[in-house]
Amino acid sequence: MTPTIALSGIHKRFGANEVLKGVSLEAREGEVISIIGASGSGKSTLLRCIPLLETPEAGSIAIGGETVRMRSKGGRAAPADAHQVNRLRASLGFVFQNFNLWAHMTVLQNVIEAPVHVQKRPRAEAIAEAEALLEKVGLAEKRDAYPAQLSGGQQQRTAIARALAMRPRALLFDEPTSALDPELVGEVLRVIRDLAAEGRTMLIVTHEMAFAADVSTRAIFLHDGQIEEQGPPARIFNAPTSDRTRAFIARHLNR
Amino acid sequence: MDFDFLSDTMGKLLAGVPMTLELALISTTAGAVLAVLLAVARAAFVPAAWFVRGYVYVLRGTPLLLQIFLIYYGLGQFAWVRDTILWPFLRQPYWCAILALTINTAAYGAEIIRGGLQSVPAGAVEAGRAAGMPRLLLYRRIILPIAIRQALPAYGNEIITMVKATSLASIVTLMELSGIAYSIISETYRALEVFLCAGTIYLVITFVLTRAVAGVETWLNPHLRASRT
């Protein structure tokens, strides 16, 4: 079966700092992959490469079997076809660490914006679907509120509804709870857990080890821009083969 | 106090208000559209950035009065200008004044909008890109709506400046508020009363305008209003 997301040999550098050193990764439909690793290991950059929010210097990205066409522009790699990139981006849902809601729009407007203006779906249909999604993340009564009126947890749940409204083939979470007060983490993790139970394809970059161990079907430990170890979470979190993985897990589970 | 003279003067001056408002309305509207185009061009296209910088530098660096003179007296000296389809407009002081006011306010406006564009949070733009928005849509739906809201208080200032700047149009024979005031003074030599009357009318216009801008600000920013409660 065609993998939902296929990355192969991804390299990315920021100036002299080589952040990703040839990472390959396939996510099949229904997989929930947690990506863990120390700060600076490249896990967020890897996730951001999938919808081309970062452009890798080398390697290939395929979404739903369609490979992103690249070209060389002034000696640097760049997407060859902006339309293709936009179309593929619209087929994914991305949830940011800092929510990144549009402050001038209400919760409902945030959720229907891309379905109506990017995917050109009928407004009434988008609103009906958005209301169902807000119900699902527990924010039905906040539909007319503005982001500034919401708590961090409510903002992140809005952002998840916004990502779901794209009817994405995969959801990408970039440290979705790192910017939240500790007492608000639970409500967001609960929503993500429900989505995993629905069998959605998800990639989650996270520092919540217990959550990652519990929710994912596969865990990937990234170290210094490369995949150090990957496998079923039961093995990665309880019996890792790599010393680096073991040290990292021990440090994080003891906190 | 000669109340008969004052009320007579007021009546005559008020006849010039429509012209003043017309000049201000047309030039600030056209100027605002031009300002947005200039600011976006400067932000989005590297080659255009130098043109916009030059434009802003020249138009902010020279007096508006000089710009009005240059357009009204200067343009007609070029034979090819007289041959264009624009000449029926450019030979009239009215359109010359509007052109000068428009390109002048566009220079200031472009700088105000540029400030607004810089204050758009990078995360909001990134969320739009991640949703698959093409650049034009991103500007129309996310970047400009946020930038314009940020720029509005400063832009209100510019609009008020423009209303008062329309008084310079009297220098190319236009009988707007100030033009009428000069002509009454040249007949009556009663500068104090006439200018006080004219000043009062400008004050009233400015007062209404500041309230209107504040109203638009409130209307466009329910998200800020809500967060303060």
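It should be emphasised that the depicted structure is a prediction, and the values quoted were computed from it without experimental measurement. Per chain, numbering begins at 1; letters A, B, ... match sequence-line order.
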Open item on the list: Taking atom CZ as the centre, does A/Arg71 end up with more than 12 heavy-atom neighbours from other residues, nucleotides or ligands that are less than 6.0 angstrom away?
Closed with: yes
Open item on the list: Report which part of A/Leu52 has an atom under 4.5 Å of a heavy atom belonging to chain B: side chain, backbone, both, or neither.
Closed with: backbone
Task: Sub-4.5 Å side-chain heavy-atom contact between B/Met133 and A/Arg89 - done: no
Task: Close side-chain approach of A/Leu53 to B/Glu126, heavy-atom, < 4.5 Å - done: yes
Task: Side chain proximity check, A/His104 to B/Arg141, heavy atoms < 4.5 angstrom - done: no
TODO: Under 4.5 Å, counting heavy-atom pairs only, tell me which of B/Arg135, B/Arg149, B/Arg129, B/Arg140 racks up the most with chain A.
DONE: B/Arg129
Open item on the list: Heavy-atom cut-off 4.5 Å, strictly under: side chain, backbone, both or neither for B/Pro134 against chain A?
Closed with: both
Task: Enclosure of A/Glu29 CD (heavy-atom neighbours >12, cutoff 6.0 Å) - done: no
TODO: Name the region of A/Arg87, side chain, backbone, both or neither, that has any atom closer than 4.5 Å to a heavy atom of chain B.
DONE: neither
Task: Heavy-atom proximity to chain B below 4.5 Å, by part of A/Ala103 - done: both
- [ ] Answer yes or no: does atom CZ of A/Phe14 have more than 12 heavy-atom neighbours from other residues, nucleotides or ligands under 6.0 Å?
- [x] yes
- [ ] Just jot down the side chain to side chain donor-acceptor pair (under 3.5 Å) partners of A/Glu208, sequence neighbours excluded, or say none.
- [x] none
- [ ] Determine whether more than 12 heavy atoms belonging to other residues, nucleotides or ligands lie under 6.0 Å from atom CD of A/Glu135.
- [x] no
Open item on the list: So does B/Ile142 get a backbone contact from the side chain of A/Trp102, meaning a donor-acceptor N/O pair under 3.5 Å?
Closed with: no
Task: A/Val118 to B/Gly132 - nearest heavy-atom pair and separation - done: CG1-O, 3.6 Å
Open item on the list: Ignoring hydrogens, what is the shortest heavy-atom contact between A/Phe96 and B/Ala127? Give both atom names and the distance.
Closed with: CE1-CA, 3.7 Å
- [ ] Identify the heavy atoms of A/Tyr146 and B/Pro222 that sit nearest to each other, and give their distance.
- [x] OH-CG, 2.9 Å
